[in-house]
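Shown next, in structure tokens, is the structure this report addresses.
Side chains are part of it too, since the values below use all heavy atoms of this structure and drop only hydrogens, waters and symmetry mates. We count ligands from 1, going down the list as the structure has it; atoms in each ligand are counted the same way.
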Amino acid sequence: MKILVTGGAGFIGSAVVRHLLADTDHSVVNLDKLTYAGNTESIPSALHSPRYVFEQVDICDAVELDRVFSEQQPDLIMHLAAESHVDRSIDGPGAFIHTNLVGTYTILEATRKYWTGLPPGKKAAFRFHHISTDEVYGDLPHPDEISKGEALPLFTEETSYAPSSPYSASKAGSDHLVRAWQRTYGLPTIVTNCSNNYGPYHFPEKLVPHIILNALAGKALPVYGDGSQIRDWLYVEDHARALVKVVTQGEDGETYNIGGHNEKRNIEVVHILCDLLEEMVPTKPAGVNAYRDLITFVKDRPGHDVRYAIDASKMTRDLDWNPQETFETGMRKTVQWYLENKEWWNRVLGGEYRLGRLGN
Ligand SMILES: NC(=O)c1ccc[n+]([C@@H]2O[C@H](COP(=O)([O-])OP(=O)(O)OC[C@H]3O[C@@H](n4cnc5c(N)ncnc54)[C@H](O)[C@@H]3O)[C@@H](O)[C@H]2O)c1
């Protein structure tokens, strides 16, 4: 299959591209604008692969999208390109509206034009797979707020949308656009909504790499509010495997929730990372006795969602997918990766970002 991946130079997109290139049945067209979050060094396996093409294109540029579709003739599209960082959406929502809404509309229209002209066999097998987030559902009750014995709810594919941040609202809008193009024009689409990812090649402003790199530098480990917010963590390679299953085997018009069954409070995540670093890097920066001593509680994010948790049983039932990593094995692999890939993150830190903000 020739698969066009948008945002393939980002954190999850690069994991998808690496995963696709590892399978000789697939070739990849990576369409990415290369914003501050995009980095082609995250796909070392692409460098010499004859099954890989890179197109530096903005998803808001309809003329360029038409050119790429007509030159590359993809069988499937996986749409990951987005502005993705909640804190940035609070500081400056405009880019999120533009890329996530106008960009998704623009690529849907380009896809519709391309798909309409395909021969019948290729047209029937075609899928536009939109990659989205569990944050579109808003948040769930926290165990601290629920009486003992009461079951804790999970997000299912039927949960109503109630986004809280400019980021999640823009992703919710893009999900609605995709479903409207399916219903109105018959474009074969699939939507996936996934929980928080962590793993290799993660941009250092997100919680997990931020804590690892700040701890290694002997800097404060800032935690929003009291750190009680709960996220459901998924190792990025498990997400990539799930996405490839969905785009190649998923049903037209369906939605699939993807999650790791790993609900953790933010403060627990920080403690686990500190403890792993105590074990793996016992020699600490000057003046640091214990990594946990670096934890600093900072003013909470406005509108901060208290809990996300995914019911991923449809993925298991319909597509036989389950995460391979537990939280413990995935976190250990992640810390190990950051320890072994200083060159990658030093170059990222050499750019616009300077270990400045925390998000998840
Ligand atoms: N990170 C998570 O935990 C998570 C969880 C669930 C869903 N998602 C979704 O998965 C997708 C990928 O997330 P990520 O964490 O890899 O994001 P990321 O910010 O790391 O990467 C986004 C990529 O999109 C590219 N891009 C941005 N604007 C573009 C434009 N206008 N045209 C073309 N390319 C553009 C960037 O250059 C970058 O390579 C997003 O749609 C996000 O909403 C992320």
For ligand 1, which atoms sit closer than 4.0 Å to a heavy atom of [X]?
X	result
D58	30 (C), 31 (N), 32 (N)
L80	11 (C), 12 (C), 40 (C), 41 (O)
S132	6 (C), 7 (C)
A81	24 (O), 33 (C), 34 (N), 35 (C)
N196	3 (O)
L34	37 (O)
K33	29 (C), 30 (C), 31 (N), 32 (N), 33 (C), 34 (N), 35 (C)
S195	5 (C), 6 (C)

Quick one: does ligand 1 sit under 4.0 Å from the side chain of [X], the backbone, both or neither, non-hydrogen atoms only?
X	value
I59	both
Y36	neither
K171	side chain
V57	backbone
S14	neither
T99	side chain

I want to confirm something. Looking only at heavy atoms, which of S84, C60, A82, G7 is nearest to atom 22 (C) of ligand 1? A82

How about F297 and Y224: are their ring centres within less than 6.0 Å of each other? no

Please check: side-chain N/O of N197 versus main-chain N/O of S195, any donor-acceptor pairing under 3.5 Å? yes

For ligand 1, find out whether one of its N or O atoms is nearer than 3.5 Å to an N or O atom of [X].
X	answer
F11	yes
I12	yes
D32	yes
H202	no

Electrostatic pair R332:E279 at N-O distance under 4.0 angstrom: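 Counted as a salt bridge, because a side-chain N and a carboxylate O are separated by less than 4.0 Å.
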
SB check E325 K333 (cutoff 4.0 Å):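 K333 and E325: salt-bridged.
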
Any heavy-atom pair between the side chains of Q229 and D300 that's under 4.5 Å?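 Side-chain contact under 4.5 Å: yes.
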
Out of curiosity, [X] [atom1] to [Y] [atom2], how far, rounded to the nearest 0.5 Å?
X	Y	atom1	atom2	value
L65	T111	CG	OG1	7.5 Å
E64	D58	CD	CG	9.5 Å
E157	T192	CD	OG1	10.5 Å

Out of D134, D175, T255, which residue meets the side chain to side chain donor-acceptor pair (under 3.5 Å) rule with N193? D175

D238 meets the salt bridge (Lys or Arg N to Asp or Glu O under 4.0 Å) criterion, sequence neighbours left out, with R241

Give a yes/no verdict on a cation-pi contact between R112 and Y185, requiring under 6.0 Å between NZ or CZ and the six-membered ring centre and an angle within 45° of the axis. yes

State which residues pass side-chain contact (heavy atoms from CB on, under 4.5 Å) with E71; sequence neighbours excluded, sorted by chain then number. E55, R67

